[in-house]
Protein chains: 2
Amino acid sequence: MARPRTAARTVEHPDLSEVSLQQVLEALVDPVRRMVVSQLARAGEDKSCGTFDAPVSLSTLTHHLNVLREAGVIRQYYRGTAKLNTLRAGEMEEQFPGLLSAVVHASAAESEEGVA
Amino acid sequence: MARPRTAARTVEHPDLSEVSLQQVLEALVDPVRRMVVSQLARAGEDKSCGTFDAPVSLSTLTHHLNVLREAGVIRQYYRGTAKLNTLRAGEMEEQFPGLLSAVVHASAAESEEGVA
DNA sequence: GCCATAGTACGACCGCCATCGAAACCGGAC
DNA sequence: GTCCGGTTTCGATGGCGGTCGTACTATGGC
């Protein structure tokens with residue numbers, strides 16, 4: 001169907017007003033997904049699927065990224081062969097004030113404690 | 001074994017420093033438990049098991065209250081025949097800053113939206 | 001054109017947790 | 001003492017979700 005060569009694959013993202021608190025909490029309750037979120041928050045910038053450090057297979061990781069995207073926590077977009085992921089921190093803050101930041105912060109605090 | 005007549009049944013509560021973020025999130029991810037927390041937050045004061053409005057049987061409700069207690073979210077104590085429940089909001093705020101309040105707030109916002 | 005690389009879709013398995021009903025329990029009222 | 005209402009424990013059940021491997025697709029480089 002002569003799909004455009006550039007700006008090729010696009011990804012569906014929910015409007016945050018359509019996302020329920022339940023969805024967000026379910027997304028954040030899984031340890032692997034919280035790792036992903038933490039790594040995104042720490043990295044400061046976009047990471048591709050393969051660059052996450054997680055104790056699961058790639059297909060499982062894809063699954064987790066889908067859940068996070070559907071919960072409105074991350075945004076995904078293609079660039080070249082890679083699919084990049086970024087936190088929707090600002091929007092989340094608007095829709096669920098303090099929630100994502102509290103989780104990220106507590107998560108970081110817990111892992112520091114292990115180091116200290 | 002000659003259990004003391006007074007100050008009878010006591011309940012074990014974890015120190016919040018022993019509670020993991022994982023535990024807290026698992027406690028808060030269940031809709032019924034979030035209802036309980038919301039009702040406690042709104043009521044302002046202690047509620048007995050039987051006074052919660054939840055679409056589950058009493059035995060299930062007991063189970064949920066146990067989970068919340070073990071996660072450090074609520075404190076329980078006996079008074080007469082009743083077992084009262086109260087939020088450990090202050091302690092939670094210290095250990096997991098912003099977390100419980102964000103969830104309670106978002107929860108309230110969502111139910112208001114249904115009303116509006 | 002071909003190949004290599006990155007990610008995805010699908011289907012199956014398995015363990016965990018919410019749920020219930022019924023029976024036991026405990027404290028207080030009488 | 002006996003009864004009663006409130007709460008808990010136990011065991012069984014059912015469904016959902018995390019996990020994996022494999023087969024597949026798509027993009028970019030050669």
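Atom set for the values below is all heavy atoms of this structure, side chains included, hydrogens, waters and symmetry mates excluded. Reminder, nothing fancy here: chain letters follow the sequence lines and each chain counts from 1.
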Open item on the list: For D:dC20 and A:T60 - does any side-chain N or O of the residue sit under 4.0 Å from the phosphate oxygens OP1/OP2?
Closed with: yes

- [ ] Would you tell me if any nitrogen or oxygen in the side chain of B:S59 comes within less than 4.0 Å of OP1 or OP2 on D:dT7?
- [x] no

TODO: To the nearest Å, give me how far apart CG (A:L68) and P (D:dG17) are.
DONE: 15 Å

TODO: Give B:H64 one of three labels, base, sugar-phosphate or nothing, depending on what nucleic acid heavy atoms sit under 4.0 Å from its own.
DONE: sugar-phosphate

Open item on the list: Please report the distance, rounded to the nearest Å, between CG in A:N66 and P in C:dA9.
Closed with: 6 Å

Open item on the list: Tell me the interatomic distance from A:L84, atom CG, to D:dT27, atom P, rounded to whole angstroms.
Closed with: 15 Å

TODO: Classify the nucleic acid contact of B:T81 as base, sugar-phosphate or nothing, counting any heavy atom under 4.0 Å across all strands shown.
DONE: sugar-phosphate

Open item on the list: Can you tell me how far apart CD (B:E26) and CG (A:L25) are? Round to the nearest 0.5 Å.
Closed with: 12.0 Å

Open item on the list: Counting only side-chain nitrogens and oxygens, does A:K83 get under 4.0 Å of the OP1 or OP2 atom of C:dT8?
Closed with: yes

Open item on the list: Just the rounded figure in Å: distance from P of C:dG21 to NE2 of B:H63.
Closed with: 16 Å

Open item on the list: Quick check on A:E18: does its CD atom have over 12 non-hydrogen neighbours (other residues, nucleotides or ligands) under 6.0 Å away?
Closed with: yes

TODO: Nearest-nucleotide wise, let me know which of B:S48 and A:V29 is further upstream toward the 5' end of DNA chain D.
DONE: B:S48

- [ ] Nearest whole angstrom, please: distance from the P of C:dA22 to the CG of B:L58.
- [x] 14 Å

Open item on the list: Any base atoms under 4.0 Å from A:R79, or only sugar-phosphate, or nothing? Heavy atoms, all strands.
Closed with: nothing

Task: Atom-to-atom span, NZ of B:K47 to C1' of D:dT7 - whole angstrom - done: 16 Å

Open item on the list: Just the rounded figure in Å: distance from P of C:dC16 to CD of B:Q23.
Closed with: 16 Å

Open item on the list: Output the rounded distance in Å from OH (A:Y77) to P (C:dA6).
Closed with: 17 Å

- [ ] Among B:R69, B:H63, B:H64, find the one that has a side-chain hydrogen bond (donor to acceptor under 3.5 Å, both in side chains) with B:N66.
- [x] B:R69

TODO: Run the numbers on A:L68 and A:V36 for side-chain contact (heavy atoms from CB on, under 4.5 Å), then give the verdict.
DONE: CA-CA 9 Å; A:L68 286 171; A:V36 167; 3.8 Å; yes

- [ ] Counting heavy atoms from C-beta on, name the nucleotide in C:dA18, C:dG21, D:dT19 closest to the side chain of B:S57.
- [x] C:dG21

TODO: Would you mind classifying the nucleic acid contact of A:V67 as base, sugar-phosphate or nothing, using non-hydrogen atoms under 4.0 angstrom?
DONE: nothing

Open item on the list: Go through it in stages, so that I can follow the logic: the residues are A:L40 and A:K47, the test is side-chain contact (heavy atoms from CB on, under 4.5 Å), and I'd like the CA-CA distance, side-chain angles, deciding distance and then a yes or no.
Closed with: CA-CA 7 Å; A:L40 274 177; A:K47 284 173 71 66; 4.1 Å; yes

